Structure formats: C-alpha cells, structure tokens
Amino acid sequence: MDLLANLNTQQRSAVQAEPGALLVLAGPGSGKTRVLTQRIAYLIGMVGVSPYRILAVTFTNKAADEMMRRVQDFLGDQGRGLTLGTFHATCAKILRREAEYLPVDANFVIYDSDDQLTLIRRALEDLNLDEKKNRPQSLHAQISKAKNELLRPDQYPTNDFRDRMAQRVYQRYQELLLANNAVDFDDLLLYMANLLEENPQVREQYARRFEHVLVDEFQDTNMAQYTLLRHLASYHRNLFVVGDADQSIYRWRGADYRNVQRFQKDFPEAKVILLEQNYRSTQAILDTAMQVIDRNPDRIRKNLFTERGAGQRIGLYEAYDDRDEAAFVVNTIASLTKQNLARPGDFAVMYRINAQSRVLEEAFLHAGLPYKLVGAQRFYGRREIKDIVSYLRLLHNLRDEVSLTRVINVPARKIGDKTLVALRTYASNAGLAPAEVLVEMGQERQSPHRTAFSGQSLGALVNFGYLLANWSGLAAHLPPLQLMDRVLDETDYHAYIDDGTDEGRDRWENVMELRRLAAEYADQGLAAFLERVSLVSDQDTLDASASVPTLLTLHAAKGLEFSNVFIVGLNDGVLPHSRSFDEPEEMHEERRLLYVGITRARDRLYLVYSQNRSQYGYAEPVEPSRFLSDVPEGLLQTIPSAASQARPRRRRENWDDDDWDRTSRKSSSAAGDRSYASAPRPAKPVTTPAPPDRQFPAGSKVNHPVWGEGMVLNSRMDAGDELLDIYFQQVGLKRVAASLARLEKM
DNA sequence: ATGGACAATGTTTTT
DNA sequence: CATTGTCCAT
C-alpha cells in the first residue's frame, strides 16, 4: 500500500516531516489518526527506522488498537516491536520492568476508583477522621489532582486547616497503597515521570531508545504526562504531537491544554502544521460547531471546511420533558430507519451525564428497539465481576488487602467483620499481609498463627486459608481461565450468584462473559489479563460491530463519528452543567464539550432540549442551554413539538403516543408512514390544544425584570401557555413561558 | 453472622 | 427516586 496515499498537502507535510519536534493542530475530522498512523508507517517503511525505536501513545485502548490495525495494514509484520499503547498501559509495562527503582514490587496491582475510595476510607479510619465531614470523593479528587501535578504528600500545599487534613489523608493513603503493593491510575504516570526525572541512567536508556515519540490527543495530557514525554524525548527531541485545544475536555482530570504552549516553549524549533479540512461532516454541521466554539476566548481560530457540501439543516427539537426527549429520539430513529434513510447502527445519542441514559434506555426498551450503551461501569463495575477479579488479583498479589476484604466472605463463609479485624490486627503485628497469614494457616497444621484464633473463626479462617494456599500455588503457572474456573468451582460461586431470579441468571452470564475474556489471555498470563481489566476505558467497551444505536456521554464520544447524532438535554444546568457556572474556565470546557459532540456528526445532527426536567423525583421547568442561542437560526430547522401540548403526563401514561408522526411529517427529514414493525404504537388521541390566547404577539416589545428590554420574535401556544422567543438587547435570545417570566408589555 | 427493613443522603465528566 | 448505609431481629 502506498504510504503517502490519500493525503492532502498539510497531512503529507506532517507525515513526511524531517525529524524534530512537530505540532499538528488538527481540527475535528481532519484525519489526525491517518496522519499519525501513516507517519509511523512512513518512518518504518521509508525512512528505515526500527519499530523498536518508536513509541506512540494514546488515551484509550480503542484508539491504540485502531492505530495498530492501520499500521499493520501498511506494514504487515514489518511493524513488529512497535510500542503503541495508552499512556497508562505503556507506563505500567515499563514500570514493571524497572520495578527495582519503585517502592512497589513488579507484580503490583492497579486499583480502580472503587478500590481507591475504599483505601481513602481506610485512611480516614486510621486517622480517626469523620467520613461525613471529609468526603472520600472530594479527598480523592484532591489527591488525584496533586498527583497529576507531580506533588508528593510532603510537597502538598498547606494553606489552611483543611489542606493539612488532606495532606495527612494523602500521606496515609499512599502508605496504604504501598502496603497493598498497589498503585492507582495516577501513580502509573507519577512513578514514570519520577523514574525518568530522578534516575539519569534510566532516563538516558529510554530517551536513547525511543528515537521517535508520537502522541495522540495531546491537549488532554496533564503535567505528569507532559513531564514524562519531555524526558522520553530529551535525547532525540523527535516529538510528534497531534491535538486540538478546542477538544480539550478533561481539565477536571488534570489535563492542561496549555501543555501545547509549554511544548512550544520547550521545543522552540517545533514546526506547526494546521489541519483544517474536514472529511467527516457537512458544512452546516461545521458552521454550527464553529459558531459555538468561536465564543471561547484565547484560542487559535480554525476555519473548518469540507468538500461535502452544505448538507441539511440542524434539527432543533423542544421537548416537554426528558421523557419526551427520549421519545423524540426513538421515534426519529425508527422513522428514518423505516424509510431506509439510515441504518440503526448509524445513530448515536449523546448526553452530558450518565444519569441521562436511563430515560433513553427506557424509551428504547418500550419501543422494542435494541441499543448499546457505552460505559465500562456497565460491566466492570458489576458486583460479580469485581468479586471474581478480586479473587484473581489477590492470588496474583497476596498483599492486596482491598481485594481480600472484598472476597473473604463472598460467598458467605462465616468470616464476619470481627474476625476480619482480628485477622488484620494479628497480621500487622506479625509484619505480614492478612492473606499471607491465611495461606500459612491453611498450609501448615502446626502454624503458630493458628493459636491466635479459636472456635468458629479459627475453622473458617483455616478453611479459607487452605483454598487460598492451593490457588496461589497455581496462580503462577495456570492460565487465567483455568485459575478462574478453579475459584468459581471451589467457591461454588455459580450457586451463590445465580439464585434463580432473572437478575441472578444475568449475573452468572456476566461471569461467563469474563471467562470468555480470560480465555484470550492464555498466552499472556494473569498479570496481562488483570492489567487489561484495570485499564479498560469506557470507549473500549464500544462494540462497533453491533448495528444498533449507541448511547454515550459526550466525553466518551470524543474520537468517534456517527452519521446521525442526537445531543439531548441541551438545557442550562445540564449542558452547561450547573457545576460549571462559577468558573469561566469550566464554562469554556462545557462549550468545548458541545463542540466535540456536534463535530461527531457526519450527516444529520439533532439538538434536543426540554421545558422541564426531573433532576431527582419531580420535574422542574428549565431554561434552554445558553449555547443554543449562539447558533444562528438560519442553520436550524425547528421541529414542531406537537407532543408537548397541555399535559403534564404521568409516568407510564401516553408512553407510546406517536405524536411525532405529525411532528416529523412537517420536518424536512421525515415523511410518510412510519409505523415500525417491532414497536407497539397504540394511537392515543392528543389532548385538544388550549384555545389561543396570545398576549405577546411577534413584534411586540417587552420588559423583563432581569434581562431588560427585548423584542418578541416568535410566539406560540404550548401546553396552554404562551411560549415566546425574545431577543433581549443585553442577554440575547431567550425562550420564555409567558406565565413564568414576569414580562411587561411596553 | 446474616439478612431484612427502614432512613438518610446524594448526582459531572473517567484513565 | 434510587442507591447506600444503619439498625435490628433472627
């Protein structure tokens, strides 16, 4: 295959660039993955660089797998030895190799956020601090932030009492990690950065080895990641980074798009290449995206253009509430599918927060339409999965007390809290990990540890210790699947988890799914399997093969593309999220999030918001997203919302109403008969609309107590109320209900 | 030790 | 409202 095929001028100059530092500013859909993969292929295939001397890092396994696949398409076996993976996985691999420099052993486990919280709770307990006053969640965020900024506990800034508290928790938390021979996500980056920073000979070794370092989604790197990249590229200075500051949406995770500026300062010789031509979306979609993002300050403006043509206008739909939003989505999908305008797999529904997926899922279920949900939590967060994984982790690393605590009494084997505490105390006095004590008790009849316990607890502990001793003897040689089967079998886990209910059957099926995954690791072994399980991302759970609509958060959508995209919940408080109201920088990130969502769409884009939203329990009126008013009306095609006529509908009622039929028929995209075979649709008569009673016809001037003077652009009756689009001189376009806004006619 | 019943309490985004 | 924690009876 031609290594330089299908490239435009800018892409080609990036792929063929002379060695050195290079910054590729890549707009959405501008072919950055293509540039990265062809750059790698070019270096190996045409420049003759050994794959062994190339390092490429991404943020998700999916991105890494995709790149690997494409590199192989070009090079086949010639690419063997290439280091290509996520930041976290790559660091984990190197750290295991260089474990002698670390405070943990090479078989360390990687704790996920659940485990991390458990450990923070333990730290609070140890320090006699109240969990209510010091929320583990927020402490975790503080600790994580510190780690991302490469601050160790002793370097943690302590300006006030609370900081000192956090510092102590951080200190203790770190001690606990070490005691468990565990690292958290942040440690992987932190340890790697420190390793390179503090050991010149190690730094030299890797910096010399990696002649070329390539980075995807560079705008999402945090301080730790930037530091380790800088060190890795310190010898050859061939650092090829691709990114787009406008798509930086992980600030809360420590990502700092100013790393782009830092890069330019640290590598002043760096060439900059701008990729503006978009190969994904229609011009209408790009224009909408640019209108939204252009309101952000301090950015390098990109002019996105396409040769795909204008395309159709952006669908704008105002729903009555979030259930209505979901119904609109489902019905539109059903309708377009029915007309063969799209296939189910061409659709994605995006939202700000995971909680929004519920209503959508319900709507799909009711319509009898399949869907898939992107989210690691869905599988790896499940109890049964965590149980089994904890067993395996414990067997891999007996010092993992978090996993021991999780499984010691699952299934119930008469080892309760009291016994556990006694075991823990005894073990810590003996200078051993609790599981090590157990193994000894199980193994040796004469074990002195046995004398420390009595009665029921002794028997229970010895029994469990016996099991542990057997398994951990096998852990080193047996492939993950066989080890897992032993555990499942000897704990009678099936009987425990599958209680005969639907849920139980479901849970057991999940275990079987995990078995299937374990089977793939027969050659690579337990450590690799556990690492894979720890480092899956939400996106990685996306199965591109299933041809059904995808439900996902805007964050998870980054890097993906779909023909038809719905963005739902475009209301102030949701997008932008209410937590972002105080800080301008956070508000800018919300805007970028919407920008990312919009630019995922190839052909059709629907923006959906609602009048009411149930946050928890009951519904409240909400404002449309402030970002919506930044999109010029000319780009929009408002889809009339017949469904929201006069009715606070109750749950379960009117669900299958297909008011949309009338709705969509008027819209440009849908027409004709849209009854779909699989979905029930008892047509229910819609409540007669209230007779028009307009107080503020279009053109009238009004005064609002907060927003000041404005002009009514549009007025229509809805749910017995008058809905007005008003252009206020001070705040721009607002949509209000006449009954709620204290409007005054002028 | 275990499981059930009730109360309180809480919601961004994720490697 | 929906999950999670806490208390209490078995």
Side-chain angles (χ1 to χ4, degrees), chain A residues 57-64 85-92 110-114 116-117 121 131-132 135-138 140-141 144 147-148 183-190 217 220-222 224-225 248-255 350-359 374-378 380-381 383 408-420 455-457 460 499 531-541 552-559 569 573-581 583 586-587 589-590 592-594 596-597 613-619 651:
Chain A
V57 282
T58 66
F59 275 84
T60 65
N61 292 300
K62 186 172 191 293
T86 65
F87 269 100
H88 294 265
T90 307
C91 288
I110 302 168
Y111 275 175
D112 68 19
S113 19
D114 267 7
Q116 293 171 39
L117 280 182
R121 293 208 177 88
E131 211 176 278
K132 301 264 157 61
R135 279 207 212 77
Q137 294 274 13
S138 93
H140 177 244
S144 176
K147 288 187 173 186
N148 288 328
V183 304
D184 64 18
F185 291 136
D186 304 316
D187 284 338
L188 290 170
L189 308 173
L190 176 77
E217 307 279 17
D220 283 333
T221 52
N222 61 31
Q225 286 160 325
S248 165
I249 54 173
Y250 285 109
R251 197 180 98 96
W252 50 274
R253 200 166 86 187
M350 301 174 188
Y351 38 82
R352 180 58 181 57
I353 61 174
N354 280 309
Q356 289 175 264
S357 75
R358 275 207 86 177
V359 188
V374 177
Q377 182 57 17
R378 203 163 144 78
Y380 290 95
R383 191 179 83 210
I408 195 167
N409 204 29
V410 172
R413 49 174 75 90
K414 303 202 187 293
I415 302 176
D417 272 355
K418 274 212 173 124
T419 311
L420 181 59
Q456 188 193 29
S457 48
D499 52 6
E531 197 162 297
R532 158 71 208 272
V533 169
S534 304
L535 297 178
V536 273
S537 75
D538 267 7
Q539 270 196 18
D540 302 331
T541 65
L552 75 182
T553 63
L554 287 160
H555 282 90
K558 196 169 70 150
V574 180
L575 182 64
H577 195 271
S578 47
R579 296 271 307 245
S580 69
F581 285 172
E583 255 242 64
E586 304 244 304
M587 184 58 82
E589 183 145 316
E590 298 291 305
R592 293 195 288 269
L593 202 46
L594 176 58
V596 166
R613 192 161 285 282
S614 33
Q615 196 109 96
Y616 38 156
Y618 33 100
R651 282 201 146 244

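Just so we're on the same page: letters track the sequence lines, and every chain starts at 1. A quick note: this is a predicted structure, and the numbers were derived from the prediction, not measured.
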- line: A:Tyr351 OH to B:dT11 P, in whole Å, measures 19 Å
query: Can you list the residues that meet the salt bridge (Lys or Arg N to Asp or Glu O under 4.0 Å) rule with A:Asp186, with sequence neighbours excluded?
result: none
query: Would one find a side-chain N or O of A:Asn409 under 4.0 angstrom from OP1 or OP2 of B:dT2?
result: yes
message: Can you list everything that forms a side chain to side chain donor-acceptor pair (under 3.5 Å) with A:Arg135? Sequence neighbours excluded, please.
response: none
- line: NZ (A:Lys414) and OG (A:Ser457) are apart, to the nearest 0.5 Å, by 12.5 Å
message: I need the CZ-P distance between A:Arg613 and C:dC1, as an integer number of Å.
response: 17 Å
field: Euclidean distance, atom NZ of residue A:Lys62 to atom P of B:dT15 [Å, nearest integer]
entry: 13 Å
query: Which residues pass the side chain to side chain donor-acceptor pair (under 3.5 Å) test with A:Asp187, sequence neighbours left out?
result: A:Lys147, A:Gln174
message: Does A:Arg592 reach a base, just sugar-phosphate, or nothing at all? Heavy atoms under 4.0 Å.
response: nothing
message: Looking at every heavy atom in both A:Ser534 and A:Ile110, which two are closest together, and how far apart are they?
response: OG-O, 3.5 Å
statement: Residue pair A:Leu189/A:Arg135 against DNA chain B: nearer the 5' end by closest nucleotide is A:Arg135
- request: Tell me whether the OP1 or OP2 atom of B:dA1 has a side-chain N or O from A:Thr419 closer than 4.0 Å.
  value: yes
field: Which residues share a salt bridge (Lys or Arg N to Asp or Glu O under 4.0 Å) with A:Arg613, sequence neighbours left out
entry: A:Glu325
task: Determine the contact category for A:Ser534: base if any of its heavy atoms lies under 4.0 Å from a base atom, sugar-phosphate if only primed atoms, P, OP1 or OP2 are that close, otherwise nothing.
output: nothing
- prompt: Just wondering, do A:His88 and B:dT15 stack (centres under 5.5 Å, planes under 30°)?
  reply: no
query: Which value, in whole Å, describes the distance between the C1' atoms of nucleotides C:dG5 and B:dT12?
result: 23 Å
N/O contacts under 3.5 Å, protein versus nucleotides 3-8 of chain B?
none

task: Look at the side chain of A:Thr553 and decide which nucleotide, out of B:dT13, B:dT15, B:dA1, has an atom nearest to it.
output: B:dT13
- prompt: Atom CD of A:Gln225 and atom P of B:dT15: how far apart are they, to the nearest Å?
  reply: 12 Å
- request: Starting at atom CZ of A:Arg251, determine the distance to atom P of B:dT13, rounded to an integer number of angstrom.
  value: 17 Å
query: When the distance from CE of A:Met350 to P of B:dT14 is rounded to whole Å, what number comes out?
result: 13 Å
message: Please give me the minimum heavy-atom distance between A:Arg413 and A:Ile408, naming the atom from each residue.
response: NH1-O, 2.8 Å
message: Tell me whether the side-chain N/O atoms of A:Asn354 come closer than 4.0 Å to OP1 or OP2 in B:dT14.
response: yes
message: Going by the rule salt bridge (Lys or Arg N to Asp or Glu O under 4.0 Å), which residues pair with A:Arg358 if we only count those two or more places apart in sequence or in a different chain?
response: none
message: Base, sugar-phosphate or nothing for A:Asp112? Non-hydrogen atoms, less than 4.0 Å.
response: nothing
field: Candidates B:dT2, B:dT12, C:dA2 - which lies nearest the side chain of A:Arg358
entry: C:dA2
- prompt: When rounded to the nearest Å, what value does the distance between C1' atoms of C:dT4 and B:dT13 take?
  reply: 22 Å
- prompt: Want to settle it: does A:Arg579 or A:Arg413 sit nearer the 5' end of DNA chain B, counting the closest nucleotide to each?
  reply: A:Arg413
field: Rounded distance (Å) that lies between atom C1' of B:dT15 and atom CZ of A:Arg532
entry: 14 Å
Atom pair distance, as rounded to whole Å: CG in A:Leu593 and P in B:dT13: 11 Å
query: Hey, is A:Trp252 doing a stacking thing with B:dT13, by the 5.5 Å centroid and 30° angle criteria?
result: yes
